[in-house]
Amino acid sequence: MNVLFYLIPISLLLGGIALAAFFWSLKSGQYDDLNGAAERILYDEDEPPRG
Amino acid sequence: MQQNEELRLASRPVGEDERAVELSVPDIHCGGCIRAIEKTLGDLPGITHVRVNLTARRVTVRWKEEGDGPPPFLASLEALGYPAHLHQASAESDKDPSLGPLIRALAVAGFGAGNIMFLSVAVWSGAEGTTRDIFHWISAAIALPVLIYSGRIFYVSAWRALRHGQTNMDVPITLGVLLAFGMSLYDTLQHAQHAYFDAATMLLFFLLVGRTLDHVMRARARSAVQGLARLAARGAQVEQTDGQLTYRAVEEIHPGDVLQIQAGQRIPLDGQVLTGSSDLDVSLVTGESAPCAVQPGSALQAGTLNLTGPLRVKVTAGADDSFLAKMVALMEAAEAGRSRYRRLADRASRLYAPVVHLAAALGFLGWMMAAGDLHQAVTIAVAVLIITCPCALGLAVPMVQVMAARRLFEQRVMMKDGAALERLAEIDRVVFDKTGTLTRGELELLEPDKLTPDNLDLAAAMGAMSAHPCSQALAARGTPQDERQRRSFDQVREIPGHGVEAIIGNDRFRLGRADWALEAGTDSLDGLAPDAKAGAVLSCNNRLLEAFSFSDSLRPGARQAVEALKRQGMAVEILSGDRPETASRIAAELGIEEWRSAAKPSDKVDRLAELAGQGQRVLMVGDGLNDAPALATAEVSMAPGSGADVGRNAADLVFLGDSLLAVPAATDLARRAQRLVRQNFALAIGYNALALPFAMLGYVTPLFAAVAMSSSSLLVVANALRLGAADRRLDPVPLEGDALKHHPAGQLEAAE
């Protein structure tokens, strides 16, 4: 049972990291143009946006 | 030159000697467009960065500020086949401030609900004693910050409603969530078997999904409509006392200033002509399709387009005092008087909240009386609040509306908010404006077969020299041999306000207004049909050769659209500001029995009010400045993307394509969406009616609540998705060649 004492915090930590990553991607404007992103994946010469 | 000044006004400085501007390009529709635009513009010298936003149909351009103004990216876009408009600088703040917090709240709620659910599954599958207590404690530790962070949105709204002595959907939500948390915390302390931490967080999660969807749809459509700001007169060349010209923004032009307006520019403010004569396209302002001639002394209205000659204009009214301003005032009055439509979800929640509270209170009282156990009774009340909380109800409407907005978007119709869709579904009469809506606002030559081919060819060749709509209509009828004829002119000149004069050998040909072309000639005006007097004549040495009459050409899909609307059981009517002859001809051509002409903006408003008084629900379709008050008055309104700014902003829906078939497509979709919304309500309410007795009897364990809540939400979502499926099967509106207009991908490939 003791394994739970490691695993639960670890799983929460991982979840928290994912949440932080989502917040970061939201803030950096990655969801501003979802339709465009779906199309751009096909092009090699695409450049990332500038703020 | 002037455009450069305008661009400078609209752009903003970024970093060192760099400027950026946002352009609205409504024709962007695929990956090929992105590529073509970014590549072509990116290759222009001086441009440092180009970024296309496909979702908002917008292009951000940055360029290095050097001596001679911005690079010619507007012209390049135009040449590529993407006419661009400046994105209004004031709309810069259209990045929605409340969407970010909503999405973050949603993410946190999802994180909390997921993690607590893992722990809860362990409890449900038989964790005992200390393990269970620890799991409950961990759940509580996750739930507390989540409920505080994500729940704010509901608490604030609930508190606002309560403070004003009302209830809304957020009151039972807040009550349920807080009670469930407090109750569970108490139970955890008491080492009880059940805790409702998962139910509380999941409830927030589902509700936030609904809220966010609702918000995203509204924000997106609104920004798309706003983004359509046209390259309207933002300023003009003002003559200074020393005779120099400077470009000034509209706000900085005052009554008494003298403006110089070239052919092809819009009149920015009301004014009076000092010198020069020209033809004006007034269709956007009055709805009259035939151009009108102006001479020194004529009054000009803001928003009209100067067609043929340069004008010097004295400004008579400032920006706040113009025809446009009067229109806006009329519109505001109309909107204030518009019976505020209450959204279906709001109406439902008004009924819903009291019922839920009552049920919870009854459960509490009943169990208090029957068992006398306070803890038991509170548990029942909490269970009732949680199980009946409007998860499915909260998703029922936004889910369908998001689907509908997406379908409409695919057919290039933008919707401002979901309430417009609900109102559109209840329409039983459609009122069309004529010029620019049923018709294109471009003239078309009437009965070309009755004319002498030689005369027609000559007129076409002369017409090709002028920007006047009549000339353009004639030129469009021309044949290739006109090329030879054009070269054979010895001299051609355009006399603004009158027409085109061409010299061939010793003969002088004139194409234009009858009184000018036949000036002092032997032919009198009296013999001409009234149509031709309004149209144009061709003369040789002041002798009449031919008279041409014109009519507005129909917008593509107009006939089919009217038929389709009638098939949907709607009455169709024309409400035009144009002359009776033109209105009646279009009405006859489209098979519309009811029409009114020469209607002033206030007449249109009155007519709509009269129809509303008869209990009719009216959809107004119009484009111009003169329609704006009517658009604001009607139950629902729709405007073509090519219309005036004011009209577009007053309308609930905007269609970007050329075809009028967008109108029946939208009404059809709205009706189907409405059916799905009703079904979703039935499902959600049915679920609640079914679940309520279980909750009252005390059979709702956290497991039961979790299963019931998610399955009802999933059911509602699945039902909403049917809107997409049905559409693909029926495909009711093929867009007439509109979607095929651009092949930028192919274009680019050919260029490479």
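Letters A, B, ... mirror the listed sequences (proteins, then strands); counts begin at 1.
Counting non-hydrogen atoms of neighbouring residues, nucleotides and ligands closer than 6.0 angstrom, the NZ atom of B/Lys64 exceeds 12 such neighbours. Surrounding CZ of B/Phe118 are at most 12 heavy atoms belonging to other residues, nucleotides or ligands under 6.0 Å away.
For residues 106-116 of chain B, heavy-atom neighbours of chain A at less than 4.5 Å comprise B/Ala107, B/Val108, B/Phe111, B/Asn115, sorted by residue number. Residues of residues 14-22 of chain A placed with any heavy atom under 4.5 Å of a heavy atom in chain B are listed by number as A/Gly15, A/Gly16, A/Leu19, A/Phe22.
Note: A/Gly36 leads A/Gly36, A/Ala38, A/Ala37 in heavy-atom pairs under 4.5 Å with chain B.
Contacts of A/Leu12 with chain B are made by both backbone and side-chain atoms, with heavy-atom separations under 4.5 Å. For B/Ile142, the part lying near chain A is the side chain, with the backbone staying farther off; criterion is any non-hydrogen pair under 4.5 Å.
The distance from atom CZ of B/Phe135 to atom CD1 of A/Ile8, rounded to the nearest 0.5 Å, is 4.0 Å.
When all heavy atoms are compared, the tightest approach of A/Arg40 to B/Val52 is NH2-O, 2.5 Å.
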